[in-house]
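Have a look at the structure below before the remarks.
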Amino acid sequence: MIKSIFIFIQDQIISMKWLNTLIGNILSNFSLSDTMKGVIQFFIYDVIKIFVLLSVLIFCISYIQSYFPPERTKKILSRFNGISANILAALFGTVTPFCSCSSIPLFIGFTSAGIPISMTFSFLISSPLVDLASLILLSSVFGMKIAIAYVVVGLILAVVGGTVIGKLKMEKYLEDFVKNIQSNADIEIAKMTKKERLIYSKNQVLQTIKKVYLYIFIGVGIGAFIHNVIPAEWIDTILGKNNWYSVPLASLVGIPMYADIFGTLPIAESLFYKGAGIGTILAFMMSVTALSLPSMIMLKKVVKLPLLIFFVCIVTLGIIIIGYLFNNFYFLFV
């Protein structure tokens with residue numbers, strides 16, 4: 001009975017398969033080729049599903065986040081040190097629904113408040129890479145096991161990456177202006193009423209949608225094309241899990257792009273159904289969200305080149321290792 005309830009939640013609430021069936025039944029009343037019907041059905045279904053899940057999740061996450069404004073978070077994080085501090089910083093990143101560019105201002109604030117560099121980089125890696133929304137959205141496509149595994153390895157990457165940067169004492173590669181910013185960590189935190197928290201959460205939903213809607217439309221469009229037009233043999237030849245170069249290739253291809261998990265998910269979904277290796281797909285998604293070129297340009301303004309290069313290298317290496325692990329041990333999640 002428990003398994004049946006879980007399957008129902010997974011298929012009908014999270015994946016919203018009833019919606020896909022409904023759209024397919026409606027389109028069957030029109031004179032369309034199978035390819036055109038597939039493209040339209042994929043596009044409408046994914047757009048609605050992503051926007052509904054995104055709105056609900058961001059609202060809930062933002063409501064929780066309203067209890068932890070930056071000033072309060074700085075005070076909490078400053079009490080910890082060592083590996084526990086990196087774990088806490090990485091976990092905090094999971095409740096901040098930011099893209100990589102949006103995470104950098106908060107990264108600057110944490111650094112200027114005197115929080116250790118290892119913690120700030122653990123946050124910087126986990127914030128765009130892993131959040132509660134990614135858990136639900138990934139489970140709607142790949143299932144809960146893979147979604148949970150993705151979140152776990154993403155957190156491990158954030159903790160390891162931040163720890164290594166901290167151990168190597170790379171504070172000297174921060175730009176001077178970041179160190180000299182006066183911290184406002186002691187400013188009294190204003191208390192919000194329940195109504196104000198609801199308004200804040202609603203505004204966060206609207207702001208997030210305004211920032212990502214174009215990427216969602218583009219991502220779903222590309223996904224619909226891949227899913228219904230490109231032959232599965234092509235995908236398997238290039239990105240199949242048996243090709244040793246597929247994971248590094250996907251990681252490198254993702255870096256110049258700028259999107260978040262909401263924009264990359266439709267592309268990942270199409271590649272998955274066409275036979276691409278799950279590790280290859282996740283490596284692509286991770287590189288897009290954590291190492292996008294625009295965010296690296298912004299990060300270059302606050303860190304010096306040696307630290308930027310080291311950050312990119314260690315995150316890329318971690319993503320590639322994760323990709324190979326998923327490709328070779330995918331049977332554990334089936």
Problem - Shortest non-hydrogen contact from A147 toward S139 - result: CB-N, 3.5 Å
Handout entry: From CZ (F311) to CD1 (I125), nearest 0.5 Å
Key = 5.0 Å
Exercise for the section: Following the transitive rule for hydrophobic clusters with a side-chain heavy-atom cut-off under 4.5 Å over Ile, Leu, Val, Met, Phe, Trp and Tyr, establish whether I199 and I209 coincide in one cluster. Expected result: no
Practice task
For atom OH of Y213, decide whether the heavy atoms of other residues, nucleotides or ligands shown that lie under 6.0 angstrom number more than 12.
Solution key: no
Exercise for the section: Flag the pair I319 / L157 as yes when at least one side-chain heavy-atom distance between them is below 4.5 Å, and no otherwise. Expected result: yes
Exercise for the section: Please name the residue in the list V303, V315, L168, L305 that meets the side-chain contact (heavy atoms from CB on, under 4.5 Å) test with F310. Expected result: L168
Handout entry: Check: K194 and Y63 side chains under 4.5 Å, non-hydrogen atoms
Key = yes
Problem - Candidates L249, L271, N327 - the one meeting side-chain contact (heavy atoms from CB on, under 4.5 Å) with T280 - result: N327
Problem - S126 versus A89, closest heavy-atom pair with distance - result: OG-O, 4.0 Å
Practice task
Can you measure from CD1 (I44) to NZ (K49) and round to the nearest 0.5 angstrom?
Solution key: 14.0 Å
Completion exercise
Taken to the nearest 0.5 Å, the spacing of I314 CD1 from F121 CZ works out to 10.5 Å
Problem - Where G279 and F326 come nearest, the two heavy atoms and their spacing - result: CA-CB, 3.5 Å
Practice task
Search all heavy atoms of L155 against all heavy atoms of A90 and return the closest pair with its distance.
Solution key: CD2-O, 3.6 Å
Exercise for the section: Treating Ile, Leu, Val, Met, Phe, Trp and Tyr as nodes and any side-chain heavy-atom pair under 4.5 angstrom as an edge, say whether M144 and V56 lie in one connected cluster. Expected result: no
Practice task
Can you establish whether the number of heavy atoms outside N29 located under 6.0 Å from its atom CG is more than 12?
Solution key: yes
Handout entry: CG-CD1 distance between L282 and I278, expressed to the nearest 0.5 angstrom
Key = 4.5 Å
Handout entry: Flag side-chain contact, heavy atom, 4.5 Å: I267 against V288
Key = no
Completion exercise
Distance col, row S84:OG vs M119:CE, nearest 0.5 angstrom, shows 8.0 Å
Exercise for the section: Considering non-hydrogen atoms only, spot the tightest contact between T163 and S122 and give its length. Expected result: N-OG, 4.4 Å
Practice task
Answer yes if the ring centres of F51 and F217 are under 6.0 angstrom apart, and no otherwise.
Solution key: yes
Problem - Distance in Å, L27 CG paired with I40 CD1, rounded so as to fall on 0.5 Å steps - result: 6.0 Å
Handout entry: Shortest non-hydrogen separation from F142 to I281 and the atoms involved
Key = CZ-CG2, 4.1 Å
Exercise for the section: Kindly indicate whether the side chain of K37, heavy atoms from C-beta on, has any atom under 4.5 Å from the side chain of S28. Expected result: yes
Exercise for the section: For side chain to side chain contact (heavy atoms under 4.5 Å, CB included), just list the numbers for V152 and I148, CA-CA rounded to whole Å, side-chain angles, deciding distance to a tenth of an Å, and then say yes or no. Expected result: CA-CA 6 Å; V152 170; I148 292 174; 4.2 Å; yes
Exercise for the section: Given side chain to side chain contact (heavy atoms under 4.5 Å, CB included), test I83 with V159 step by step and report yes or no. Expected result: CA-CA 8 Å; I83 191 69; V159 172; 3.5 Å; yes
Exercise for the section: Please confirm whether the backbone N or O of I165 pairs with a side-chain atom of S118, one donor and one acceptor, at under 3.5 Å? Expected result: no
Practice task
Could you check if a side-chain atom of L308 sits within less than 4.5 angstrom of a side-chain atom of Y173, using non-hydrogen atoms only?
Solution key: no
Exercise for the section: State, yes or no, whether a side-chain contact exists between N20 and M16 at a heavy-atom distance under 4.5 Å. Expected result: no
Exercise for the section: Look at the side-chain heavy atoms of Ile, Leu, Val, Met, Phe, Trp and Tyr, link any pair under 4.5 Å apart, and say whether V47 and L206 land in one connected group. Expected result: no
Handout entry: Non-hydrogen side-chain atoms of Q41 and L32 separated by less than 4.5 Å
Key = no
Practice task
Step by step, work out the side chain to side chain contact (heavy atoms under 4.5 Å, CB included) result for Y150 and I322.
Solution key: CA-CA 9 Å; Y150 173 89; I322 289 170; over 6 Å; no
